[in-house]
Amino acid sequence: MNVTIIGTGYVGLVTGTCLAHIGHKVVCVDNNSSKIEKLKKGIPHIFEDKLESMIKENILKRRLVFTCNIEEGVKASEIIMIAVGTPSQNNGDVDLRQVDSAAEEIGKYINGYKIVVNKSTVPVGSTDRVKEILMKNMKDRKVDFDVVSNPEFLREGTAVYDTMCGDRIIIGSNSEKAINIMKELYKPLNIQCFVTKPESAELIKYASNTFLAVKISYINEIANICEKIGVDVSEVAEGMGMDRRIGSKFLKAGIGFGGACFPKDVNGLIKIAESNNCEMRLGKSALEINEEQRLKPVTILKKIYGNLNNLRVGILGLAFKAGTDDVREAPSLYIIKELSRLGVKICAYDPIAMPGFGYYTNEPVALYSSIYETVKDCDAVLVLTEWESFKEMNLRRVKRLMRGDILIDGRNIFKVERMRAVGFRYYSVGNGETSFESSRKDDFKKIKSECKKIPLVSPVI
Ligand code: UGA
């Protein structure tokens with residue numbers, strides 16, 4: 001099938017490449033000519049596992065082309081996907097300007113039956129909104145079309161895998177013809193399709209992201225309780241996750257959720273609720289908890305030092321999670337802003353997110369090209385992204401290079417015993433043993449060793 005994708009961000013570029021990979025002929029359109037020129041050479045402007053090799057392979061097989069010419073893109077395909085950015089405005093409303101302008105262009109150049117697909121995360125009612133814009137821009141031309149809501153569920157860092165092996169494909173449409181064509185498009189992926197009304201499809205996306213954000217804030221609240229009572233949240237989460245109704249995923253406590261999706265989409269759902277005279281209380285709480293949680297490393301530093309002025313702090317990890325170069329809404333941005341306000345000298349390193357970092361902050365941060373250069377002479381080191389290279393770093397070397405001994409692990413990637421053996425004062429999230437507040441910290445080791453002494457017996461059946 002011929003497919004055109006408008007927008008070559010994480011969603012558009014990955015979707016286009018994967019559709020080409022399963023045999024479709026794909027045209028990717030973007031109005032940023034420097035991005036398109038690089039893409040024509042097979043070089044993506046984003047980091048995503050396996051993406052570059054797939055782009056190169058599909059360009060060679062002539063299944064994937066890139067252009068800035070939207071007219072060419074619209075005329076080339078029967079299926080046109082809108083995969084442009086839908087950022088939050090200052091008041092939390094979704095900014096639909098890029099979607100509107102893509103729809104205007106499609107309307108101008110439409111030359112036969114088309115299925116226009118909303119891939120971007122757009123509020124309930126956007127399928128109708130796109131329909132109206134198309135009709136307005138088609139003027140008097142009589143051309144048949146359908147608009148379908150087909151939200152995306154890929155995660156940055158594992159976007160190719162999620163697209164090729166997702167749990168479900170949501171198709172929101174009232175047109176039998178469009179539904180059948182969409183099913184045909186995705187058939188090679190062999191993923192179950194769930195067909196529903198456009199409004200339900202739109203809401204499924206927001207409700208899913210908000211549910212996952214609530215799950216993270218929930219475990220972060222449990223983590224804070226764990227710290228007070230002196231237990232380890234990872235054990236609590238493991239036990240909870242064994243119940244299949246709860247599931248073990250998205251129960252990792254840490255410095256909260258970031259990225260271009262969760263914060264924006266929870267806000268989006270709050271707004272959708274408001275415009276329908278409802279209140280999304282759980283979403284509001286999830287955001288509130290997250291705001292506090294992402295500053296946890298700063299709170300710990302304040303408790304240790306009181307005054308942070310002139311402290312030298314090394315930050316390992318700027319990306320909002322491992323596997324991506326994206327720093328949008330990353331906890332690192334908020335932590336750096338607050339540390340900078342408090343007079344801290346900040347050194348930082350990230351294996352791949354440093355080039356784009358400058359677009360998102362004006363704070364004075366010295367960027368280094370390795371872990372070891374970053375931590376040199378630091379009073380404290382904060383681990384803010386769970387990169388493999390941080391898990392494997394030479395801890396003794398880090399400790400030797402630092403002038404202090406504080407290591408705050410915002411992602412719980414280290415074992416307490418190991419960190420103690422190296423000589424760190426180690427703080428993680430939700431572990432009573434490493435928490436500042438736990439009144440039972442000393443009991444912790446005793447409880448653990450007593451647990452080990454309990455003899456294992458066969459269950460009585
Ligand atoms: C999220 C959803 O997971 C995707 O399904 C969705 O398609 C995407 O948003 C989107 O709307 O486009 P993404 O933001 O790329 O994907 O990354 P996630 O892996 O979901 O992580 C989001 C944030 O939650 C990260 O900051 C991560 O560190 C944090 N997180 C995740 C936790 O703190 N704990 C967890 O257990 C899991």
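Counting starts at 1 for both ligands and their atoms, in listed order. All values reported here derive from a predicted model rather than from experimental measurement.
For the pair Phe320 and ligand 1, the shortest N or O to N or O distance falls below 3.5 Å.
Each of the atoms 28 (O) of ligand 1 lies under 4.0 Å from some heavy atom of Arg411.
Under a 4.0 angstrom heavy-atom cut-off, Gly259 registers as lying outside contact with ligand 1. For the pair Gly256 and ligand 1, a heavy-atom separation below 4.0 Å is found.
The nearest non-hydrogen atom to atom 11 (O) of ligand 1, considering only Gln293, Glu152, Lys205, comes from Lys205. With distances taken over non-hydrogen atoms, the option nearest atom 32 (C) of ligand 1 out of Ile216, Ile255, Thr121, Asp167 is Ile216.
A cation-pi geometry, defined here as NZ or CZ lying under 6.0 Å from the six-membered ring centre and within 45° of its normal, does not hold between Arg328 and Phe320. Note that Arg294 lies in the cation-pi zone of Tyr334, set by a 6.0 Å cut-off to the ring centre and a 45° limit from the axis.
Side-chain contact between Trp387 and Asp350 is present, with heavy atoms from C-beta onward closer than 4.5 Å.
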- [ ] Would you please test Met81 and Val11 for side-chain contact (heavy atoms from CB on, under 4.5 Å) and show each step?
- [x] CA-CA 10 Å; Met81 296 189 167; Val11 172; over 6 Å; no
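Judged by distance alone, the side chain of Asp409 and the main-chain N or O of Ile413 form a donor-acceptor pair under 3.5 Å.
At the top of the distance list for atom 10 (C) of ligand 1, counting protein heavy atoms only, stands Cys261 SG, 2.9 Å.
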